[in-house]
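The first residue of the sequence shown is numbered 1, and numbering continues consecutively from there.
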Amino acid sequence: MALLVVLLWGALVTVLSMTPRERTLADFHTALRAGQVTYVIYYGTPMDLRWSTGPLFWYHVERSEIGAYTPSELLRDLNATVPRPEAGLAHSHQGFFSGWPFRVPFHGATWLVGGAWFAALLTMIGTGRPRLGNRWAWFWLFTVGEVGAMLFLLLEPRSLWYGLEPQEPVPNPMGGGRGCALALCLGLAIPVLIAVGLSHVFHTLLDLLPTAP
């Protein structure tokens with residue numbers, strides 16, 4: 001449960017950082033002067049800029065709004081801010097495994113969320129007989145499928161809601177080939193699901209918080 005909660009929190013922060021709300025460059029500088037900015041992600045010239053005022057609140061400046069504002073000027077402004085916000089370059093999805101558990105944009109999250117993912121992987125490897133698929137199937141779901149660690153903690157070796165007694169395996173558990181195919185489908189579907197549906201749900205829920213910026 002502890003590993004699952006950490007991974008779900010990391011996934012939520014990552015999703016919200018990928019689907020920020022639009023703001024102006026003046027809004028960013030106002031928040032920066034007020035000491036509200038905690039994390040900044042930037043990329044390229046003209047610069048693509050995202051910033052956070054907390055792990056759940058993310059904002060974005062359109063490149064057309066950035067103008068001649070350069071990464072070096074951004075870093076100069078960040079260095080003049082006390083406390084200094086953490087900053088990082090945006091990462092593109094390279095290869096099959098994006099590595100999101102090791103790049104959650106929050107201070108210390110690399111150790112926390114990445115450690116939880118690695119602990120879940122070791123748990124999967126050490127499980128004698130996974131119920132829904134063999135180790136190769138789960139390996140592909142952990143890596144290519146992006147969310148395999150959370151699914152494993154939720155469903156193996158018994159579903160969290162099932163109780164303490166052993167749960168019977170499914171009649172035809174996944175092998176490596178089926179696991180890889182499912183992982184590829186998840187890897188393609190999850191970004192679309194995030195962009196189309198999940199981000200709107202999360203932002204609607206955040207709007208209900210009285211402290212939301």
Give a yes or no on whether the backbone of R158 and the side-chain of R131 come within a donor-acceptor separation of less than 3.5 Å.
no

Between W58 and P105, is any pair of side-chain heavy atoms under 4.5 Å apart?
yes

Is L188 reachable from M174 through a run of I, L, V, M, F, W or Y residues, each pair having side-chain heavy atoms under 4.5 Å apart?
no

Nearest heavy-atom pair of T19 and V15: which atoms, and what distance?
OG1-O, 2.9 Å

Looking at CZ of R21 and CG of L16, how far apart are the two atoms once the value is rounded to the nearest 0.5 Å?
9.0 Å

Is the shortest heavy-atom distance from the side chain of P71 to the side chain of T45 under 4.5 Å?
yes

So, for G175 and A137, which heavy atoms are closest and what is the spacing to 0.1 Å?
O-CB, 3.3 Å

Which heavy atom of V6 sits nearest a heavy atom of A116, and at what distance?
CG1-CB, 3.7 Å

What I'd like to find out is whether the side chain of Y42 reaches to under 4.5 Å of the side chain of Y69, using heavy atoms alone.
no

Quick one: does any side-chain atom of R135 pair with a main-chain N or O of T127 as donor and acceptor, under 3.5 Å?
yes

Is a side-chain N or O of T38 found less than 3.5 angstrom from the main chain of P85, in a donor-acceptor match?
no

Could you report the tightest heavy-atom contact between A120 and L153, atom names first, then the distance?
CB-CD1, 4.0 Å

Parallel, tilted or perpendicular: rings of F102 and W117 (30°, 60°)
perpendicular

Surrounding CH2 of W136 (heavy atoms of other residues, nucleotides or ligands, distance under 6.0 Å), is the total greater than 12?
no

Look at atom NE2 of H107 and say whether more than 12 heavy atoms of other residues, nucleotides or ligands are closer to it than 6.0 Å.
no

Give a yes or no on this: more than 12 heavy atoms of other residues, nucleotides or ligands lie within 6.0 Å of atom CZ of F118.
no

Determine, stepwise, if the pair D77 / H29 fulfils side-chain contact (heavy atoms from CB on, under 4.5 Å).
CA-CA 9 Å; D77 292 340; H29 281 125; 3.5 Å; yes

Determine, stepwise, if the pair W161 / L155 fulfils side-chain contact (heavy atoms from CB on, under 4.5 Å).
CA-CA 9 Å; W161 57 86; L155 301 173; 3.6 Å; yes

Hphob cluster co-occupancy, V40 + L75, side-chain heavy atoms under 4.5 angstrom
yes

When hydrophobic residues are tied together by side-chain contacts of less than 4.5 Å, even through go-betweens, does W111 share a cluster with V104?
no

With a 4.5 Å heavy-atom cut-off, do V61 and W51 have their side chains touching?
yes

CZ on R33 to OG1 on T81, rounded to 0.5 Å
10.0 Å

How about L78 and L32: do any of their side-chain heavy atoms sit closer than 4.5 Å?
yes

How many angstroms lie between atom OG of S52 and atom CZ of F106, to the nearest 0.5 angstrom?
8.5 Å

Out of curiosity, W138 CH2 to T143 OG1, how far, rounded to the nearest 0.5 Å?
12.0 Å

With clusters defined by side-chain heavy atoms of hydrophobic residues (ILVMFWY) lying less than 4.5 Å apart, directly or transitively, does V170 cluster with Y162?
no

Checking D27 against T24: is there a side-chain donor and acceptor pair closer than 3.5 Å?
yes

Reported CZ-to-CG distance for the pair F152 and L121, which is rounded to 0.5 angstrom:
9.5 Å

Quick one: does L7's side chain get under 4.5 Å of V113's, heavy atoms only?
yes

From the list E65, R50, E22, R23, side chain to side chain donor-acceptor pair (under 3.5 Å) partner of H60 resolves to E22

Supply the atom-to-atom distance W140 CH2 to L182 CG, rounded to the nearest 0.5 angstrom.
13.5 Å

Within a strict 4.5 Å, meaning less than it, do heavy atoms of the L160 and L4 side chains meet?
yes

Report yes or no: do L25 and Y43 belong to one cluster of Ile/Leu/Val/Met/Phe/Trp/Tyr joined by side chain heavy-atom distances under 4.5 Å?
no

Mark yes or no for whether T70, through its side chain, and E73, through its backbone, hold a donor-acceptor pair below 3.5 Å.
yes

Is it true that a side-chain atom of E156 and a backbone atom of M124 form a donor plus acceptor pair closer than 3.5 Å?
no

